[in-house]
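Each remark here refers to the structure printed beneath this line.
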Amino acid sequence: MSKKTVFIQGPISSEFIGQSIAKHQSKKTIGAHNIFLGQVRADEIDGKTVAAIDYTAYEEMADEAMALIREKAFAQFDLICMHIYHSLGVVKAGEICLFVFVSATRRKQVYEATEAIVNWIKTDVPIFGKEIFENSTFTWKKNTL
């Protein structure tokens, strides 16, 4: 049995996001969806502009951490569905690197759950981002809440 992974190679496309949303139209007990899209910013650091982030992870550990987040989210919030996808590899400034999609009967749950889930990902999952500057130098990204 292969374990479910949350990782997608490269940026997360708008087509993938749209198809994920469309698949939930048949679930008629859902009254609310909430989506968080993390996008790579062209930050300026020490006078250099970020052109892309190269994401790496300890995949097995990261998948286990994501599974724990999933369990915690379902225990804490009254969710019907929850999906998390994170990029690996190079994602250019302006492209999507994180897609969190939660569904519930009512809207209050999806708002609270989305914020908690994104914060847990930032603090609990071993994903690393190498910020690549326009001049091809780099620095390791520090996660902030």
Side-chain angles (χ1 to χ4, degrees), residues 1-27 30 32-104 107-145:
M1 181 178 114
S2 68
K3 287 195 109 172
K4 183 173 174 8
T5 184
V6 301
F7 294 109
I8 291 176
Q9 201 61 42
I12 301 169
S13 71
S14 56
E15 293 80 16
F16 180 85
I17 294 164
Q19 289 166 3
S20 297
I21 295 165
K23 288 177 187 173
H24 288 74
Q25 291 175 326
S26 63
K27 298 179 182 186
I30 294 172
H33 299 289
N34 199 26
I35 292 171
F36 175 84
L37 300 175
Q39 179 172 304
V40 173
R41 293 182 312 272
D43 284 349
E44 191 172 302
I45 301 168
D46 299 328
K48 297 179 280 189
T49 302
V50 173
I53 298 179
D54 186 0
Y55 289 100
T56 56
Y58 293 118
E59 287 186 57
E60 194 171 324
M61 286 173 62
D63 281 329
E64 284 180 24
M66 292 286 198
L68 290 173
I69 288 170
R70 181 178 178 77
E71 286 175 26
K72 190 162 43 167
F74 274 100
Q76 193 167 328
F77 304 100
D78 189 20
L79 300 179
I80 294 172
C81 288
M82 184 192 109
H83 304 279
I84 300 170
Y85 300 98
H86 199 294
S87 294
L88 286 182
V90 176
V91 181
K92 295 176 188 164
E95 294 179 326
I96 303 299
C97 58
L98 174 61
F99 173 32
V100 176
F101 180 27
V102 296
S103 307
R107 71 180 177 274
K108 187 174 192 289
Q109 291 295 313
V110 296
Y111 290 132
E112 293 173 358
T114 303
E115 184 173 11
I117 291 162
V118 171
N119 287 338
W120 294 333
I121 292 167
K122 291 278 192 178
T123 58
D124 301 349
V125 183
I127 298 172
F128 310 97
K130 186 191 319 182
E131 292 176 308
I132 303 168
F133 298 111
E134 289 174 339
N135 67 0
S136 298
T137 61
F138 69 89
T139 188
W140 288 98
K141 183 169 178 43
K142 292 166 187 60
N143 276 339
T144 56
L145 292 181

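Values in this document were obtained by computation on a predicted structure and should not be read as measured data. All residue numbers refer to positions in the sequence shown, counting from 1.
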Taking all non-hydrogen atoms of both residues, which atom of [X] and which atom of [Y] are closest, and how far apart?
| X | Y | result |
| --- | --- | --- |
| Ser87 | Gly10 | OG-O, 2.7 Å |
| Val110 | Ala32 | CG1-O, 3.6 Å |
| Ile12 | Leu98 | CD1-N, 3.9 Å |

Just to verify, what does [X] make a side chain to side chain donor-acceptor pair (under 3.5 Å) with, not counting sequence neighbours?
| X | answer |
| --- | --- |
| His86 | none |
| Asp78 | none |
| Ser20 | none |

Rounded distance [0.5 Å steps], [atom1] in [X] versus [atom2] in [Y]:
| X | Y | atom1 | atom2 | answer |
| --- | --- | --- | --- | --- |
| Thr49 | Arg41 | OG1 | CZ | 13.0 Å |
| Ile96 | Ile8 | CD1 | CD1 | 11.5 Å |
| Gln109 | Ile80 | CD | CD1 | 10.5 Å |
| Phe101 | Asn34 | CZ | CG | 9.5 Å |
| Glu60 | Thr5 | CD | OG1 | 10.5 Å |
| Ile127 | Ile53 | CD1 | CD1 | 11.5 Å |

Got a sec, which residues hit ring pair (Phe, Tyr, Trp, His ring centres under 6.0 Å) with Phe16, two or more places apart in sequence or on another chain?
-> Tyr85

Tell me, which pairs form a side-chain hydrogen bond (donor to acceptor under 3.5 Å, both in side chains) where one or both residues lie in residues 50-59, sequence neighbours left out?
-> none

Which pairs with one or both residues in residues 127-139 pass side-chain hydrogen bond (donor to acceptor under 3.5 Å, both in side chains), sequence neighbours excluded?
-> Asn135-Thr137

Those residues at least two apart in sequence (or on a different chain) that pass side-chain contact (heavy atoms from CB on, under 4.5 Å) with Glu95 are Pro11, Val91, Lys92

Could you pull out all residues at least two apart from Lys108 that satisfy side-chain contact (heavy atoms from CB on, under 4.5 Å)?
-> Glu112

Could you check Phe7 against Asp63 for side-chain contact (heavy atoms from CB on, under 4.5 Å), going step by step and ending with a plain yes or no?
-> CA-CA 8 Å; Phe7 294 109; Asp63 281 329; 3.7 Å; yes

Side-chain donor/acceptor pairs under 3.5 Å, residues 66-73, sequence neighbours excluded:
unit_1: Arg70; atom_1: NH1; unit_2: Met82; atom_2: O; d: 2.6

Please assess His24 against Cys81 for the test side-chain contact (heavy atoms from CB on, under 4.5 Å), listing each intermediate value before the final yes or no.
-> CA-CA 9 Å; His24 288 74; Cys81 288; 3.7 Å; yes

Is the ring centre of Phe99 less than 6.0 Å from the ring centre of His83?
-> no

Residue Glu115 excluded, over 12 heavy atoms near CD under 6.0 Å | no

Quick one: does Val125's side chain get under 4.5 Å of Val6's, heavy atoms only?
-> no

